[in-house]
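The basis for the numbers below is simple: all heavy atoms, side chains too, and nothing from hydrogens, waters or symmetry mates.
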Amino acid sequence: MLSVAYVSVATTPMSAEDIEGILAISRLNNARDGITGMLLYHRGRFVQIVEGDDEIVLKRVAAIAADPRHRDVHTMRQKQIWARQFPQWTMGFRAAAGDSLELLDGFEDFFARSGRTRLEHADNEAQQFLEWLGEYWLPA
């Protein structure tokens with residue numbers, strides 16, 4: 001199967017409601033198409049890894065690149081994988097204090113990970129890539 005990682009910039013700032021809408025629609029579409037991965041949004045930037053059937057992933061990435069909600073879509077990594085690195089599709093988002101996004105199915109506070117949580121994913125190349133992006137491309 002194919003794994004594609006891309007980065008992009010939002011054309012307008014995303015509210016918590018915008019992110020909630022993206023999460024809900026993406027979960028439905030990805031379940032239908034057998035796609036897994038992870039989407040991160042922070043301060044106007046997206047990072048996503050999409051994995052699944054080669055043809056379906058390439059079509060999804062093309063559709064994402066055409067989405068008017070973001071620009072400057074750059075593929076950072078595209079490779080064949082033997083096993084899913086994100087068996088359940090998730091989304092990371094650094095929300096404002098008191099935000100209710102963390103209650104949504106599929107939400108993970110990716111940016112709050114530290115020490116032990118990061119070690120749990122140490123052998124997962126895709127997770128390592130996202131950790132690196134979280135530290136260097138998406139500063140706090």
Side-chain angles (χ1 to χ4, degrees):
M1 84 184 76
L2 185 64
S3 174
V4 175
Y6 77 85
V7 296
S8 68
V9 178
T11 54
T12 60
M14 295 278 171
S15 68
E17 291 78 23
D18 295 331
I19 298 302
E20 183 176 342
I22 290 171
L23 178 60
I25 291 169
S26 295
R27 287 184 62 81
L28 290 173
N29 291 339
N30 291 345
R32 178 196 66 215
D33 296 337
I35 289 177
T36 56
M38 184 168 194
L39 175 64
L40 301 177
Y41 175 78
H42 178 58
R43 291 190 179 178
R45 296 180 184 208
F46 291 100
V47 177
Q48 184 168 18
I49 294 178
V50 181
E51 58 190 17
D53 176 80
D54 294 22
E55 186 177 328
I56 292 172
V57 167
L58 291 174
K59 284 181 183 178
R60 178 61 52 84
V61 171
I64 289 168
D67 188 320
R69 292 176 288 190
H70 59 171
R71 61 181 167 75
D72 299 331
V73 178
H74 297 285
T75 298
M76 303 295 291
R77 183 181 66 111
Q78 180 171 323
K79 68 182 282 186
Q80 290 294 314
I81 57 174
W82 298 105
R84 293 182 187 272
Q85 304 212 358
F86 297 94
Q88 304 232 344
W89 191 86
T90 58
M91 178 168 192
F93 173 67
R94 181 168 281 169
D99 227 326
S100 62
L101 284 172
E102 59 273 0
L103 301 176
L104 294 173
D105 185 31
F107 175 84
E108 179 180 344
D109 193 357
F110 183 84
F111 298 102
R113 286 185 182 173
S114 63
R116 185 176 200 168
T117 306
R118 288 183 180 205
L119 287 175
E120 291 173 3
H121 302 288
D123 61 344
N124 183 321
E125 180 184 343
Q127 291 275 352
Q128 292 171 3
F129 176 70
L130 290 174
E131 297 286 355
W132 177 83
L133 284 171
E135 288 181 27
Y136 297 103
W137 195 72
L138 302 171

key: Nearest atoms (heavy-atom pairs only) where A5 meets I49   = CB-CG1, 3.7 Å
key: Side-chain touch M38/Q85, heavy atoms, less than 4.5 angstrom   = no
query = Would you say the side chain of F46 lies within less than 4.5 Å of the side chain of M14, judging by non-hydrogen atoms?
reply = yes
I22 side, atom CD1; D67 side, atom CG - distance, nearest 0.5 Å = 7.5 Å
task = Determine whether K59 and D33 make a side-chain contact, defined as any pair of heavy atoms from C-beta on separated by less than 4.5 Å.
result = no
message = In this structure, would V50 and L2 fall into the same cluster of hydrophobic residues linked by side-chain contacts under 4.5 Å?
response = yes
ask   = Between Q80 and M1, what is the shortest heavy-atom contact and its length?
value = OE1-O, 3.1 Å
message = Could you check whether atom CD of E55 has more than 12 heavy atoms from other residues, nucleotides or ligands sitting under 6.0 Å from it?
response = no
message = Any side-chain to backbone donor/acceptor pair from T75 onto Y6? Under 3.5 Å, distance only.
response = no
remark   = CG (L28) and CG (L23) are apart, to the nearest 0.5 Å, by 9.5 Å
request  = Measure from the side-chain N and O atoms of T36 to the backbone N and O of F86, and report whether any donor-acceptor pair falls under 3.5 Å.
outcome  = yes
Any Q78 side-chain heavy atom under 4.5 Å of L58 side chain = yes
inquiry  = According to a hydrophobic-cluster definition based on side-chain heavy atoms being under 4.5 Å apart (Ile, Leu, Val, Met, Phe, Trp, Tyr only), do V61 and I56 belong together?
reply    = yes
inquiry  = Tell me if a side-chain donor or acceptor on H70 pairs with a main-chain N or O of V7 at a distance below 3.5 Å.
reply    = no
task = State, to 0.1 Å, how close P68 and T11 come at their nearest heavy-atom pair, and which atoms those are.
result = O-OG1, 3.0 Å
task = Determine whether V47 and M76 make a side-chain contact, defined as any pair of heavy atoms from C-beta on separated by less than 4.5 Å.
result = no
task = For the pair D18 (side chain) and S15 (backbone), establish whether a donor and an acceptor sit closer than 3.5 Å, ignoring hydrogens and angles.
result = yes
inquiry  = Within the structure provided, determine whether V4 and R77 are in side-chain contact (heavy-atom separation under 4.5 Å).
reply    = no
ask   = Do V57 and I81 belong to the same hydrophobic cluster, where Ile, Leu, Val, Met, Phe, Trp and Tyr are linked whenever their side-chain heavy atoms lie under 4.5 Å apart, directly or via other members?
value = no
